[in-house]
Each structure stands twice: as structure tokens, then as C-alpha cells.
Number of protein chains: 2
Amino acid sequence: MVFQISIKYYTLVRRLTYSKMSHRLLKENIKKHVRINSKDLDTICSFFEPKYIKKKEFLLTQGDIYKFEGFVLEGCFRVFTIDKKGNENVLHFASKDWWLMDIDSFMNQTPSHLNIQALEDSQVLLISRTDKLALYESVPIVEKLFRIMSQKAIVAWQRRLIRNHSLTAQERYIHFIENYPKIASKLTDRQTSSYLGITHEFLSKIKRSKK
Amino acid sequence: MVFQISIKYYTLVRRLTYSKMSHRLLKENIKKHVRINSKDLDTICSFFEPKYIKKKEFLLTQGDIYKFEGFVLEGCFRVFTIDKKGNENVLHFASKDWWLMDIDSFMNQTPSHLNIQALEDSQVLLISRTDKLALYESVPIVEKLFRIMSQKAIVAWQRRLIRNHSLTAQERYIHFIENYPKIASKLTDRQTSSYLGITHEFLSKIKRSKK
DNA sequence: ATAATTTGTTGAACAAGTTCAACCTTTCTA
DNA sequence: TAGAAAGGTTGAACTTGTTCAACAAATTAT
């Protein structure tokens, strides 16, 4: 009996500790973007709920309406579309400390064009659309936070387009594995090639010629 | 004498009228993105000053630090980088009712990677960095405005990347002229090809084969 | 109006990347 | 643990797009 209680107690403490830990990563992330007081930070984080997703499971499937925004605590995701020809196009990956959103579907509540799939057992913090919209109103700095995050994202997309236009597939591959070694090491060649915009066969040939 | 005065008066009235007209386009643009009261709208617009730029002149040159953000009233611009191999890569064009910014340089006050050049005699409304930063503080809805504009821009960049990965050069060319006929009609083939990420020779061959 | 420059067109040789098919290795699953 | 499924490699033929060079057409500056 005593033993059981102590297990329960231990579990409870672990959960709380864990929960604080998980929000800590989110807090650190937010503080990278804006100066923010701890009250606002606590309010923001209080709306994020942890969720566990198993390898190969989907957080979002093409056609769904996206009702959550996510922040990755652990694991790795791929965000991709399937085009008319049936090919998968990876927009990006998201591992620990990255955000997961489908801005288009979330903003306009239209069916999503994107799929978000876990590449390994993963944990995310999710905020519902309702709570997010409420946060924009009640905690004004949230607007600034996402304005700044969005602007940084635009810069990243611009640079990626330029790389696609000015570099060969081999150069893009080298850039990718050098700049995102942690993510790259978790991927199959098929996933990497889809991100780079080439076939997996050609990636295989690039790797051979590099040696 | 009387004649001279009347000319002066006419010019003054025209300027005032013109200035209101020009801010009207900006106001309409802003109202597409956010619900906003007319006082805030007036405050925002009051910081934008008109500027005329002649064909081929630059609003920004690679290496400069960007100190303004612009809104195009008339004319057309191209935003491009020159990479190490000396090739021009057009990020995008901006004609009437579009925004002109170099987010990276403007945010971080680092030397710009971009060039912004007028393709024809053009007019823009410019806001200085100082005024923009002050606006973010004094008119909170400005944060929301640029947050939403930025998020729409991200969606556009994502779609463009997917087109680059999933469509042939010919399909991208057709998409471009069908979706941006006004801008496309103002461009030389060299400019169009640089936007599409192909050589101008190959664009010429695409056009021939299309007939 | 003329010269100079930029732009567009075309062809031939070439390079980059795809497709398809075969085969092997690894990983998942019953 | 066997069988199935998925991932990786390789080669040959093919397609897409580039490069370079030459020339014609259109703009621009003088």
C-alpha cells in the first residue's frame, strides 16, 4: 500500500517536473525571438498541451482542416504534400525546438494541402486554434512573437529558393547535411531526396561520386 | 500674374489630391489584411512618404543596409541577388499594390544580399526603419498587420517551392504568365527566365515549342 | 539617324537529372 | 523466424535543361 502510494506520488512529481521541463524548452525558444516578461510567458505556455505521437503516425493529413499548432519537444517530423503526379514533396522537417504549422489551413480553416508525419516516436506541445486566437487578443506580444518568427521563416524560404536556383543537386545535398546534420542523420535517402527536389536514385549516385 | 498663381494653386491642389489618392491605395491594401479603424489607418499612412524612382534605378543595392520599407504605387520592380557564379536570381517582382522589403537586412541591420531595381518609372511610398519600429510600439495593430502579411508570404513561398520541385520549366512558365499576366507582360525574357530559374535560351525554346 | 548595347533566336554539343528495371540489404510484422 | 515490405544501389537509355557561339531584332544613347 505504502509502495503503491509512493509510485503514484513519484509519477505525479515526474509529470510535473516533466511538464515544467517541456515548457522550459518552449520558453527558451520564445525568448530567442522576443523580450518577454515571465507572466506573459507563463500565460502563453499554459495553453500548450503535450501530445505523444508514434513513429509513422500523422499529426495532419492532406484534406483535413488544421486546428492545432505545434512545437516539437522530442523526435522528428516531415511536412510534405503529394502532387497530382503522386510524388511526395517535402517542404521541411521539424525536430526538437522547431515549430509545426500549416499556416494556410490554420488561418483560413480550409482543407490542408499538407501532411505532417512523425519519423520517430515524438512529443509535441499543441495549442488549439481557439486558444491561439484568444492569445493574440489577450497577450499582445504574441502578435510580435509570431510576426518575427514568420519574418525569419520568409528569409529562410527565400534563401532556399536561391539555393535551388543557383546550386547543383550535389551542392544542395552537401549544404543540407552540413547545416542540418542532426536532422539529416535521422532521414532515409528517400526523404532527403524529396526535400532536395531530386530522385532517390540520383541521390544515391551523388553519394557514390562524393566518396 | 493671375495666371501664375492659378498654376501654383492648381499644382498644390493636385498634389494634395494625389497624396490622398496614393495613401488610399495603401489603405485599401491594409484593409485587405486586418480590420482597422480609420484613426489607426491615418496614423500608419502618415509615416509613408512618396518617392519617385526612374527606370533602371536602384532602391537598394547588395551590400547596403536597408533602412526603408516600401509599398508600390505605380510601376514595377525586380528583387534579385547575384550569386558567386555571377548569375542573377530574381526572388520576385513587385508592381502596383505590392510591398517591397528586405526583411533580413531591415530586421538585423546587416548588409543586404538583395538588389531592388525599378523596371520602369515608378512611385513608391517609403517608411523609415525608425518610424516603422515606433509604429509597432504605438499602434499595436501594426504587429498583427505584418504578422498576417508575413504568414501569407510564407504560404506563397511554400507553394512556389513545390512548383519548382514538381513542375517542368514549361509548366512553371505557363503558370507564371497565367497567374501574373500584368507583371509578365512588362518583363524581358531574361527577367522572366531568371525568376523561373532557367536560362533565357531555354525560355526561348519553350516559347517556340508552345506555338 | 547612327552607333552601341541589350535582347531574343537558333543550333550543336554537352551536362544534369530522370526513368525503368533488376537486384541486394535492411527493417518491419505476423 | 520467415516472409513481406521498404529502402538503397547500379546501369542503360532517355529527357530536360545548359553552354557557347553566331546572328538577327529591338532599344538606348549620342
Side-chain angles (χ1 to χ4, degrees), chain A residues 54-58 76 78 80 82-90 93 115 117-121 161-177 183-211, chain B residues 54-58 76 78 80 82-90 93 115 117-121 161-177 183-211:
Chain A
K54 286 205 178 143
K55 185 170 181 171
K56 296 199 177 175
E57 278 183 3
F58 285 78
C76 191
R78 65 197 255 263
F80 66 101
I82 300 175
D83 64 29
K84 289 157 200 160
K85 296 167 193 164
N87 295 315
E88 292 183 0
N89 294 284
V90 172
F93 303 101
N115 304 278
Q117 186 184 29
L119 299 178
E120 51 187 39
D121 291 355
L161 184 99
I162 290 169
R163 286 197 299 275
N164 277 333
H165 280 184
S166 64
L167 302 182
T168 64
Q170 167 152 353
E171 290 167 332
R172 275 179 281 149
Y173 172 65
I174 292 170
H175 177 275
F176 179 63
I177 57 174
I183 291 182
S185 68
K186 293 180 178 182
L187 305 177
T188 64
D189 282 3
R190 285 168 138 90
Q191 288 157 357
T192 304
S193 66
S194 167
Y195 172 82
L196 296 172
I198 58 177
T199 60
H200 62 275
E201 293 97 330
F202 191 57
L203 177 56
S204 178
K205 284 160 197 174
I206 286 173
K207 287 167 65 184
R208 178 179 46 172
S209 73
K210 245 195 70 183
K211 280 164 201 159
Chain B
K54 288 205 176 141
K55 185 170 179 170
K56 297 199 177 174
E57 277 182 4
F58 285 78
C76 191
R78 66 196 255 265
F80 66 101
I82 300 177
D83 62 30
K84 288 158 200 160
K85 296 168 193 163
N87 295 315
E88 291 182 1
N89 294 284
V90 172
F93 303 101
N115 304 276
Q117 185 185 29
L119 298 177
E120 52 188 38
D121 291 355
L161 184 99
I162 291 169
R163 287 197 300 276
N164 278 333
H165 281 183
S166 64
L167 302 182
T168 64
Q170 166 150 351
E171 289 167 333
R172 277 178 280 152
Y173 172 65
I174 292 170
H175 178 274
F176 179 62
I177 57 175
I183 290 182
S185 68
K186 292 180 180 182
L187 304 178
T188 64
D189 281 3
R190 285 169 137 89
Q191 288 156 358
T192 305
S193 65
S194 167
Y195 173 82
L196 296 173
I198 57 176
T199 60
H200 61 276
E201 294 98 329
F202 190 57
L203 177 55
S204 178
K205 284 161 197 174
I206 286 173
K207 286 167 67 182
R208 179 180 48 172
S209 73
K210 245 193 70 183
K211 281 166 200 160

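Below, read A as the first sequence line, B as the second, and so on, with proteins coming before strands; counting in each chain starts at 1. Side chains are part of it too, since the values below use all heavy atoms of this structure and drop only hydrogens, waters and symmetry mates.
Of all the heavy atoms in A/L196 and A/R172, the pair that sits closest is O-NH1, 2.5 Å.
The shortest distance between side-chain heavy atoms of A/F93 and A/Q191 falls below 4.5 Å. Residues B/H165 and A/N87 fail the side-chain proximity criterion, which asks for heavy atoms closer than 4.5 Å.
Comparing B/S204 and A/K56 along DNA chain C, the residue whose closest nucleotide (by nearest heavy atom) sits nearer the 5' end is B/S204.
Closest contact between the side chain of A/T188 and the listed nucleotides D/dG8, C/dT9, C/dT19 involves D/dG8. For A/R190, the listed nucleotide lying nearest its side chain is D/dG7; candidates were D/dT19, D/dG7, D/dG17. Between C/dT19, C/dA16, D/dG17, one nucleotide has an atom nearer to the side chain of B/R172 than all others, and that is D/dG17. Comparing atom distances between the A/T168 side chain and each of C/dT9, D/dG11, C/dG17 picks out C/dG17 as nearest. Nearest to the side chain of B/R208, among D/dT9, C/dG11, C/dG17, sits C/dG11. Among C/dT9, C/dA12, D/dT9, the nucleotide with an atom closest to any side-chain atom of A/D189 is D/dT9. Listed nucleotides C/dT18, D/dG17, C/dG11 differ in distance to A/F202; the shortest reach to its side chain belongs to C/dT18.
The NZ-P distance, from B/K85 to D/dT19, rounds to 9 Å in whole Å. The CG atom of B/N164 sits 20 Å away from the P atom of C/dA16 (whole-angstrom rounding). As rounded to whole Å, 17 Å separates atom C1' of C/dA15 from atom CD1 of B/I198. Per the geometry, CD belonging to B/E88 stands 13 Å off C1' belonging to C/dT6, to the nearest Å. Rounded to an integer number of Å, the gap from B/L167 CG to D/dT16 P is 14 Å.
Residue A/K85 places its NZ atom among more than 12 non-hydrogen atoms of other residues, nucleotides or ligands, all under 6.0 Å distant.
A/T199 has no side-chain polar atom (N or O) that falls below the 4.0 Å cut-off from OP1 or OP2 of C/dG17. Close to C/dC28, at under 4.0 Å from its OP1 or OP2, lies a side-chain N or O of A/K55.
Here the straight-line distance linking atom CD of A/E201 with atom CZ of A/R190 works out to 7.5 Å at 0.5 Å rounding.
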